[in-house]
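Everything on this sheet refers to the single structure shown next.
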Amino acid sequence: MPNYQNCKNKKEKKSQLFTDTLYSESFGENRLLTIYLPKGFKKTKTYPVIYMADGQLLIQSYVKSIDSLMDKKLIPEIVIIGVNSNETFIPSMGLEYRNFEYLKNLHGGKDTLNLRFDKHFKFFTSEVIQYAEKSYSVSNKKEDRTFYGISNGADFGVTVAQDKPDLIGHFILCSIVQGSKEPFAWTKANCPSFFLATGDQEDEMVQDEAKRLGKYLTQISMPYELVFYHGGHERKKWEAQFIAYLPKVYRKKS
């Protein structure tokens, strides 16, 4: 159940960060969500929303920066729904369940592990969104939804954007590792907006994925942003780019 509280006095008007649990029909198990609610959250108000892959990475340093952007009126009040990934290690594979949940047909075939992608895709794009709209007063409009993902979470974001182009309006993707094995097929009419970042010290493969997506967006005359930050595959760099991109995502709404 949701753990928020309506703030009624000035002393209580602070943002909230907490863990929620959602039972997934797709997985047949409970999954964890990390929730950020803005200062003075009210259930009677409708908020723009960010759906974040690897939600467990949503920590206090993010909160401090997001609160600051709101205080400075650089972004509107937003809700973040962090969908925690399953980082359980599979010794026989040398991978985590997370990899199979984020990457479509990682090893090909339809064995139990590869079916996890389909289950996670339905969980993220249907179950989580329905729950968030019911429980946390977030908007159901494409233009009010943003996706944030890093590394394989960014790969998952590319697939969400491809397979459900009318679901989410904006994608902040940092260090796309392998993107999509399928050709891009957006038109300018249905293409989401993309805010991309990768490190100038990343593997060439990672840098090339951002360039490949950017090249396609250029071909369909879709504006996008691509930053090559100084560094590699680093969480703090991704966090910094996410915070830097937020005012740009909301520049027409703030």
Side-chain angles (χ1 to χ4, degrees), residues 2 4 6-7 15-18 20 22 33-55 57-58 62-63 65-84 121-150 153-154 156-174 186-197 217 222-225 239 241-254:
Y4 62 78
N6 286 330
C7 302
S15 61
Q16 302 172 63
L17 183 69
F18 56 91
D20 195 2
L22 174 60
L33 307 176
T34 300
I35 309 296
Y36 168 88
L37 301 181
K39 298 176 183 179
F41 172 82
K42 296 178 182 178
K43 196 175 181 183
T44 54
K45 182 177 178 179
T46 301
Y47 296 87
V49 58
I50 297 175
Y51 292 102
M52 175 180 174
D54 293 303
L57 302 185
L58 183 57
Y62 274 87
V63 171
S65 297
I66 294 166
D67 286 351
S68 177
L69 290 176
M70 289 185 194
D71 290 343
K72 295 174 182 176
K73 308 297 183 184
L74 295 175
I75 64 171
E77 293 180 338
I78 59 173
V79 168
I80 302 179
I81 308 296
V83 183
N84 292 19
F121 189 87
K122 183 178 180 181
F123 173 63
F124 195 107
T125 63
S126 180
E127 295 177 36
V128 169
I129 289 178
Q130 290 175 16
Y131 180 72
E133 290 172 2
K134 178 181 178 181
S135 302
Y136 294 110
S137 303
V138 302
S139 176
N140 62 3
K141 297 178 181 178
K142 173 182 175 178
E143 62 267 26
D144 290 334
R145 294 171 176 161
T146 299
F147 178 99
Y148 169 45
I150 53 91
F156 181 69
V158 173
T159 304
V160 171
Q162 281 193 277
D163 291 4
K164 287 186 173 287
D166 297 319
L167 185 67
I168 296 175
H170 316 281
F171 286 78
I172 303 175
L173 305 178
C174 297
W186 300 291
T187 65
K188 191 171 183 180
N190 73 358
C191 189
S193 61
F194 285 93
F195 301 84
L196 312 174
L217 296 172
M222 185 67 188
Y224 68 97
E225 301 227 15
E239 180 180 339
Q241 287 304 136
F242 171 74
I243 297 302
Y245 269 146
L246 283 184
K248 296 184 178 183
V249 171
Y250 295 107
R251 59 189 155 198
K252 295 182 180 179
K253 305 176 187 180
S254 45

*Any side-chain heavy-atom pair from L246 and I50 closer than 4.5 angstrom?*
yes
*Non-neighbouring partners of E225 that pass side chain to side chain contact (heavy atoms under 4.5 Å, CB included), sequence neighbours left out*: F195, Y245, K248, R251
_Can you give me the closest heavy-atom contact between D166 and N190, atom names plus distance?_
OD1-CB, 4.0 Å
_Using every non-hydrogen atom in the two residues, find where S139 and D144 come nearest and quote the distance to one decimal._
OG-OD2, 2.8 Å
*Is there a side-chain contact between I78 and T146, using heavy atoms and a 4.5 Å cut-off?*
no
*asked:* Using a strict threshold of under 4.0 Å (side-chain N to carboxylate O), is an ion pair present between E133 and R145?
replied: yes
*Looking only at heavy atoms, which two atoms of S15 and V63 are closest? And how far apart?*
OG-CG1, 3.4 Å
*With a 4.5 Å limit on heavy-atom distance, are the side chains of F121 and V160 in contact?*
yes
*Spatial distance of atom NZ (K42) from atom OG (S137) [nearest 0.5 Å]*: 12.0 Å
*Minimum heavy-atom distance between G40 and Y47, given as atom pair plus value*: O-OH, 4.1 Å
*First locate atom CG of D20, then atom OG of S135, and finally report the distance between them rounded to the nearest 0.5 Å.*
7.0 Å
*Compare every heavy atom of A244 with every heavy atom of P247, then report the nearest pair and how far apart it is.*
CD-O, 3.4 Å
*Return the minimal non-hydrogen interatomic distance between A161 and P192, and the atom names on each side.*
CB-CG, 4.2 Å
*asked:* Within the 4.5 Å heavy-atom criterion, are Y148 and Q241 side-chain neighbours or not?
replied: no
*Which one of F171, Y51, F194 satisfies the ring pair (Phe, Tyr, Trp, His ring centres under 6.0 Å) criterion with F147?*
F171
*Give, for atom CG of L33 and atom CG of L58, the distance between the pair rounded to the nearest 0.5 Å.*
11.5 Å
*Can you check whether Q16 reaches I35 side chain to side chain, under 4.5 Å on heavy atoms?*
no
*What distance separates I172 CD1 from S193 OG, expressed to the nearest 0.5 Å?*
9.0 Å
*With side chains defined as the heavy atoms from C-beta onward, is the minimum distance between T34 and M52 less than 4.5 Å?*
no
*Do the rings of Y136 and Y131 sit parallel, tilted or perpendicular, given the 30° and 60° boundaries?*
perpendicular
_Partners meeting ring pair (Phe, Tyr, Trp, His ring centres under 6.0 Å) with F123 (sequence neighbours left out)_ = none
*Are I75 and I66 close enough that some pair of their side-chain heavy atoms sits under 4.5 Å apart?*
yes
*Could you state the interatomic distance from CD1 (I150) to CG (D54), rounded to the nearest 0.5 Å?*
4.5 Å
*Is K39 reaching over with its side chain to a backbone N or O of E77, donor-acceptor style, under 3.5 angstrom?*
no
*Please tell me if the side chains of L217 and C191 come closer than 4.5 Å, counting only heavy atoms from C-beta onward.*
yes
_Would you say the ring centers of F242 and Y62 fall short of 6.0 Å from each other?_
yes
